[in-house]
Amino acid sequence: MPSTDVENPETPNPDNLEPNNPDDPPVNSDGEIPPDNSVLKEITGIEFPSVTAEYDGKEHVAEIAGELPEGVTVSYFNNVGVDAYIYVAEATLSGEGYRTLTLKTMINIKRADFKGVIFENATFAYDGDPHCVLVSGNLPEGTTIQYLVRESPRIVAEEFPYFVVDRGKYKVTAVLKNKNYNTKVYNAEICVI
């Protein structure tokens, strides 16, 4: 009677399997060798200093400081500022064989003060015509001006254009506003005699 202990040729014999070599790299399900983060080098010696400036209409740029290792590149995000604002800038350093490093810093562009603005007192002889004094001089683009005219104690005008006609002494306030400049209040006096 034939033996029923015939070895299935499709079933591998455990005695014939070669043991795994501990030096072989691990392989994922796609047959690829996954990256080993434990052997990636750290990027060191690089700083990303903050930038502080007063608004001057020019670009202010945040850049890394230090020597990049060979093969490492840097890419920036939001590292240029012009208008008065606090920007958060990012620098991403990466390269083959290195662990990616992301650094953050701030660009603080502060509002400037208005300069070269003229708002002077004026005296007019009464002639029945309207009179006013206006802000002039160096007015940056985008500046708005609000006028307030008082003949104590009443308010004569709160809009532009404003005019005074009657005899009297008028106090005029001009409020200058601009997103890149500190709000400034100027005062002048109009006398109609």
Side-chain angles (χ1 to χ4, degrees), residues 45-68 73-94 100-193:
I46 304 296
E47 296 180 349
F48 196 23
S50 62
V51 175
T52 300
E54 184 178 276
Y55 173 78
D56 57 6
K58 299 177 182 179
E59 290 187 348
H60 295 274
V61 183
E63 296 180 301
I64 61 168
E67 185 175 349
L68 288 174
T73 59
V74 58
S75 61
Y76 293 104
F77 172 75
N78 203 38
N79 73 316
V80 179
V82 176
D83 289 336
Y85 190 69
I86 298 178
Y87 304 81
V88 178
E90 290 187 6
T92 301
L93 287 68
S94 59
T100 298
L101 175 64
T102 299
L103 303 174
K104 293 185 179 183
T105 194
M106 289 194 306
I107 304 173
N108 184 5
I109 302 180
K110 300 180 179 181
R111 290 180 174 179
D113 291 327
F114 286 102
K115 296 177 182 177
V117 175
I118 301 170
F119 194 45
E120 296 180 326
N121 300 334
T123 299
F124 303 96
Y126 174 78
D127 55 9
D129 292 333
H131 300 284
C132 69
V133 291
L134 300 177
V135 170
S136 61
N138 182 23
L139 294 177
E141 183 178 351
T143 299
T144 62
I145 307 173
Q146 180 183 4
Y147 291 97
L148 177 65
V149 185
R150 291 185 176 89
E151 184 185 26
S152 186
R154 68 189 181 96
I155 295 176
V156 177
E158 287 186 277
E159 57 187 27
F160 179 80
Y162 77 90
F163 300 100
V164 296
V165 177
D166 297 334
R167 289 185 175 91
K169 186 177 289 186
Y170 304 86
K171 292 185 177 180
V172 185
T173 300
V175 181
L176 277 64
K177 294 183 179 181
N178 187 302
K179 66 178 181 179
N180 292 313
Y181 291 81
N182 295 310
T183 298
K184 180 69 175 179
V185 177
Y186 292 87
N187 293 290
E189 190 174 82
I190 299 176
C191 291
V192 180
I193 56 177

Worksheet item: Is the closest side-chain heavy-atom distance between F114 and P140 below 4.5 Å?
Response: yes
Worksheet item: Which value, rounded to the nearest 0.5 Å, describes the distance between N138 atom CG and T143 atom OG1?
Response: 8.5 Å
Fill in: Exercise: identify the closest heavy-atom pair between A84 and K179
CB-O, 3.9 Å
Item to complete: Report the C-alpha distance between D113 and K184 in whole Å, list the side-chain angles of each, state the deciding distance to 0.1 Å, and finish with yes or no for salt bridge (charged side-chain N to carboxylate O under 4.0 Å, His left out).
Response: CA-CA 8 Å; D113 291 327; K184 180 69 175 179; over 6 Å; no
Practice prompt. Over 60° means perpendicular and under 30° means parallel, so classify the ring planes of Y147 and F119, tilted if in between.
Written response: tilted
Discussion item. Could you go through V172 and L148, starting from their C-alpha distance and side-chain angles, then the distance that decides it, and tell me whether this counts as side-chain contact (heavy atoms from CB on, under 4.5 Å)?
Written reply: CA-CA 6 Å; V172 185; L148 177 65; over 6 Å; no
Practice prompt. Consider only side-chain N and O atoms of T173 and N187, and report whether a donor and an acceptor are under 3.5 Å apart.
Written response: yes
Response to the item:
Separation between NZ (K58) and CD1 (I109), nearest 0.5 Å, reads 12.5 Å
Fill in: Residues that E63 engages under salt bridge (Lys or Arg N to Asp or Glu O under 4.0 Å), provided they are two or more places apart
none
Worksheet item: Using 30° and 60° as the class limits, which term best fits the ring planes of Y181 and Y55: parallel, tilted or perpendicular?
Response: perpendicular
Practice prompt. Measure the CG-CD distance between D83 and E59 for me, rounded to the nearest 0.5 Å.
Written response: 11.0 Å
Worksheet item: How far apart are the C-alpha atoms of Y186 and L176, what are their side-chain angles, what is the distance that settles it, and do they pass the side-chain contact (heavy atoms from CB on, under 4.5 Å) test?
Response: CA-CA 8 Å; Y186 292 87; L176 277 64; 3.9 Å; yes
Fill in: Nearest-0.5 Å distance, CD1 of residue I193 to NZ of residue K169
11.0 Å
Worksheet entry | N178 (side chain) donor-acceptor with E141 (main chain) under 3.5 angstrom | yes
Worksheet item: Can you tell me how far CD1 of I190 sits from CD of E120, rounded to the nearest 0.5 angstrom?
Response: 12.5 Å
Fill in: Check: Y76 side chain, I64 main-chain N or O, donor-acceptor pair, under 3.5 Å
yes
Fill in: H131 side, atom NE2; Y126 side, atom OH - distance, nearest 0.5 Å
9.0 Å
Worksheet item: Does some side-chain heavy atom of T73 sit less than 4.5 Å from a side-chain heavy atom of L68?
Response: no
Practice prompt. For residues E189 and N121, report the shortest heavy-atom separation together with the two atoms involved.
Written response: N-OD1, 2.8 Å
Worksheet item: Can you list the steps and then say if L103 with I46 is a side-chain contact (heavy atoms from CB on, under 4.5 Å)?
Response: CA-CA 9 Å; L103 303 174; I46 304 296; 4.1 Å; yes
Worksheet item: Which pair of heavy atoms, one from A122 and one from V133, lies closest together, and at what distance?
Response: CB-CG1, 3.3 Å
Practice prompt. Locate the shortest heavy-atom distance separating A89 from F48; write the atom from each residue and the value.
Written response: O-CE2, 3.7 Å
Practice prompt. Report yes if some heavy atom in the side chain of L139 is under 4.5 Å from a heavy atom in the side chain of V117; otherwise report no.
Written response: yes
Response to the item:
Looking only at heavy atoms, the pair that brings T100 and S94 closest together is OG1-CB, 3.8 Å
Discussion item. side-chain contact (heavy atoms from CB on, under 4.5 Å) for R111 and N180? Distances and angles first, verdict last.
Written reply: CA-CA 5 Å; R111 290 180 174 179; N180 292 313; 5.7 Å; no
Practice prompt. Evaluate the criterion salt bridge (charged side-chain N to carboxylate O under 4.0 Å, His left out) for residue pair K104 and E90; output intermediate values, then yes/no.
Written response: CA-CA 5 Å; K104 293 185 179 183; E90 290 187 6; 3.7 Å; yes
Item to complete: List the atom of A174, the atom of V135, and the distance in Å for their closest heavy-atom pair.
Response: CB-CG2, 3.6 Å
